[in-house]
Trainee: 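First the structure, which I've put down as structure tokens, then a few questions once you've had a look.
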Amino acid sequence: MNKDIATPMRTKEILEEFGFSFKKSLGQNFLIDTNILHRIVDHAEVSEKTGVIEIGPGIGALTEQIAKRAKKVLAFEIDGRLIPILEKTLAPYNNVNVVHQDVLKANLHEKISEYFSDCEEVMVVANLPYYVTTPIIMKLLEENLPLKGIVVMLQKEVADRMAAEPSTKDYGSLSIAVQYYTEAKTVMTVPRTVFIPQPNVDSAVIRLWRRQEPLVSVRDEKFFSQVVKASFAQRRKTILNNLTNNLPNGKQLKDEIVEALAKVGIDPKRRGESLTIEEFASLSDALHEIL
Ligand code: SAM
């Protein structure tokens, strides 16, 4: 029986054997606590029916724990120096395929249909590289991939923003973008001590269950996102101020914006952070009609 990869001793042995040095620029903080890894896989509800996409396997600490429970794992690793390490550490698992590629450049639709056709569901489970968390999550959501959900470790501060409710300091355009597609919940906070090297920020695990349909239906998704971003451009300003200052031609169209706000019953003096996603949807449709 193999020893788990995610113990301080085995991790050090592997790093020494291959003379591996961490690249901070690639967000390399490896997990050395098997208990945390089990809990991540539990939260993702991985079973023998599940195909799992992992982003950034590192030396395989999480990959190994997923492989023990999933039907298959497809792991994308950008750092070529880790590929021979993974070949060795994951050799006991014949349900793992490692792809040497930047996940942001991967054609995930193609990979999912090629690799997971015999799986009943597909999940993304990862300890994400922190320098690129938001672009990765937005790619997974906006590409409309056939995912059941995403369970990932990321900076606590970003998890808080993704799962935030209206009228809180963390609520903003990221909360709306994520909650439009998913039900978001922070399921764990994780101390720095379970990584080597230790990151300078606190971490959390977020669970994003993909909705069957987006939370709200809007006439034009791009315009909706533009309205949301404009509304949060300066958090302390009113919604009217932000829309007139930040929508294209907003200043000339002030009367029309006032009219749209009145039509959907939103007080122009409110701040963007107090609007629910449903209110943003009706506001965006009303503005779309007259702008
Ligand atoms: N899964 C391992 C663990 O939990 O110990 C390593 C996690 S570490 C936080 C992030 C990993 O993502 C590193 O192995 C890094 O090389 C890799 N990585 C960074 N940017 C990437 C990208 N754009 N695409 C794929 N992998 C990436």
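These numbers were taken from a predicted model, which means no experiment stands behind them. Read the numbers this way: they start at 1 and go in the same order the structure lists the ligands and their atoms.
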Trainee: Among protein heavy atoms, which lies nearest atom 24 (N) of ligand 1, and at what distance?
Mentor: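 Checked against all protein heavy atoms, atom 24 (N) of ligand 1 sits closest to Val103 N, 3.0 Å.
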
Trainee: Does Leu104 come within less than 4.0 Å of ligand 1, judged by its heavy atoms?
Mentor: no

Trainee: Please confirm whether Gln101 approaches ligand 1 to less than 4.0 Å, judged on its heavy atoms.
Mentor: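 Yes, Gln101 has a heavy atom closer than 4.0 Å to ligand 1.
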
Trainee: Under the 3.5 angstrom rule, does the side chain of Thr50 hit a backbone N or O of Val52 as a donor-acceptor pair?
Mentor: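 Judged by distance alone, no pair lies under 3.5 Å.
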
Trainee: Of the protein's non-hydrogen atoms, which lies at the shortest distance from atom 20 (N) of ligand 1, and what is that distance?
Mentor: Tyr131 OH, 2.9 Å

Trainee: Say whether Glu54 and ligand 1 are in contact under the criterion: heavy-atom distance to a ligand atom below 4.0 Å.
Mentor: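 Within the 4.0 Å threshold, so yes.
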
Trainee: Show the atom names and distances, to 0.1 Å, of all donor-acceptor pairs under 3.5 Å that link a side chain in residues 125-132 to residues at least two apart or in another chain.
Mentor:
residue : atom : partner : partner atom : Å
Asn127  : ND2  : Asn29   : O            : 3.4
Tyr130  : OH   : Ser203  : OG           : 2.7

Trainee: Are any of the N/O atoms in Leu31 less than 3.5 Å from those in ligand 1?
Mentor: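 Yes; at least one N/O pair falls below 3.5 Å.
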
Trainee: Within this structure, what is the CD1-CG distance for the pair Ile66 and Leu37, rounded to the nearest 0.5 Å?
Mentor: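 Reported to 0.5 Å precision, the distance equals 8.5 Å.
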
Trainee: Which residue from Ala61, Ser25, Pro57 reaches closest to atom 2 (C) of ligand 1 through any of its heavy atoms?
Mentor: Pro57

Trainee: Please enumerate all residues that pass ring-ring contact (aromatic ring centres under 6.0 Å, His included) together with Phe116, with sequence neighbours excluded.
Mentor: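 ring-ring contact (aromatic ring centres under 6.0 Å, His included) check on Phe116 returns nothing, list empty.
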
Trainee: Can you spot which of Ile150, Ile206, Leu141, Leu147 makes a side-chain contact (heavy atoms from CB on, under 4.5 Å) with Thr182?
Mentor: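 Running side-chain contact (heavy atoms from CB on, under 4.5 Å) over Ile150, Ile206, Leu141, Leu147 with Thr182 returns exactly one hit, Leu141.
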
Trainee: What protein heavy atom lies closest to atom 19 (C) of ligand 1? Include the residue and the distance to one decimal.
Mentor: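 Atom 19 (C) of ligand 1 sits closest to the protein heavy atom Leu26 O, 3.2 Å.
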
Trainee: Leu62 to ligand 1: N or O pair under 3.5 Å?
Mentor: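 Among all N and O atoms of Leu62, none is under 3.5 Å from an N or O of ligand 1.
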
Trainee: Is the closest N or O pair between Pro129 and ligand 1 shorter than 3.5 Å?
Mentor: no

Trainee: Would you mind checking which non-hydrogen protein atom is closest to atom 1 (N) of ligand 1, with the distance to 0.1 Å?
Mentor: Gly56 O, 2.8 Å

Trainee: Which atoms of ligand 1 sit under 4.0 Å from any heavy atom of Asp102?
Mentor: 22 (C), 23 (N), 24 (N)

Trainee: To the nearest 0.5 Å, tell me how far Asn97 CG sits from Lys111 NZ.
Mentor: 7.5 Å

Trainee: Measuring from atom 14 (O) of ligand 1, which candidate in His100, Gln28, Glu77 has the nearest non-hydrogen atom?
Mentor: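 It is Glu77 whose heavy atom sits nearest to atom 14 (O) of ligand 1.
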
Trainee: Among protein heavy atoms, which lies nearest atom 4 (O) of ligand 1, and at what distance?
Mentor: Asn127 ND2, 2.8 Å

Trainee: May I have the step-by-step check of side-chain contact (heavy atoms from CB on, under 4.5 Å) for Leu82 and Gln28, ending in yes or no?
Mentor: CA-CA 11 Å; Leu82 290 165; Gln28 293 179 337; 3.8 Å; yes

Trainee: Could you identify the single nearest non-hydrogen protein atom to atom 25 (C) of ligand 1 and state the distance to 0.1 Å?
Mentor: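 Looking at atom 25 (C) of ligand 1, the protein heavy atom closest to it is Phe76 O, 3.4 Å.
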
Trainee: Could you tell me whether a side-chain N or O of Lys72 sits under 3.5 Å from a main-chain N or O of Tyr115, the two making a donor and an acceptor?
Mentor: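 Yes: the side chain of Lys72 pairs with the backbone of Tyr115.
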
Trainee: Does any N or O in the side chain of Asp4 come within less than 3.5 Å of the main-chain N or O of Ala6, such that one atom is a donor and the other an acceptor?
Mentor: no

Trainee: With atoms numbered from 1 as shown, which atoms in ligand 1 lie under 4.0 angstrom from a non-hydrogen atom of Asn29?
Mentor: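 Checking each atom against Asn29, I get 7 (C), 8 (S), 9 (C).
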
Trainee: Can you report which non-hydrogen protein atom sits closest to atom 18 (N) of ligand 1, along with the distance?
Mentor: Ile78 CG2, 3.6 Å

Trainee: With a cut-off of 4.0 Å, which atoms of ligand 1 are near a heavy atom of Leu128?
Mentor: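 Going through ligand 1 atom by atom, the ones under 4.0 Å from Leu128 are 9 (C).
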
Trainee: Around atom 8 (S) of ligand 1, find the nearest protein heavy atom and jot down its residue, atom name and distance.
Mentor: Gly27 O, 3.4 Å

Trainee: A quick test of your reading: do over 12 heavy atoms of other residues, nucleotides or ligands sit less than 6.0 Å from CD of Glu114?
Mentor: yes

Trainee: Per the side-chain hydrogen bond (donor to acceptor under 3.5 Å, both in side chains) rule, which among Arg236, Lys169, Arg235 passes with Glu273?
Mentor: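 Single pass found, and it is Arg235.
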
Trainee: Under a 3.5 Å distance rule, please check whether His100 uses its side chain to pair with a backbone N or O of Ile78 as donor and acceptor.
Mentor: yes

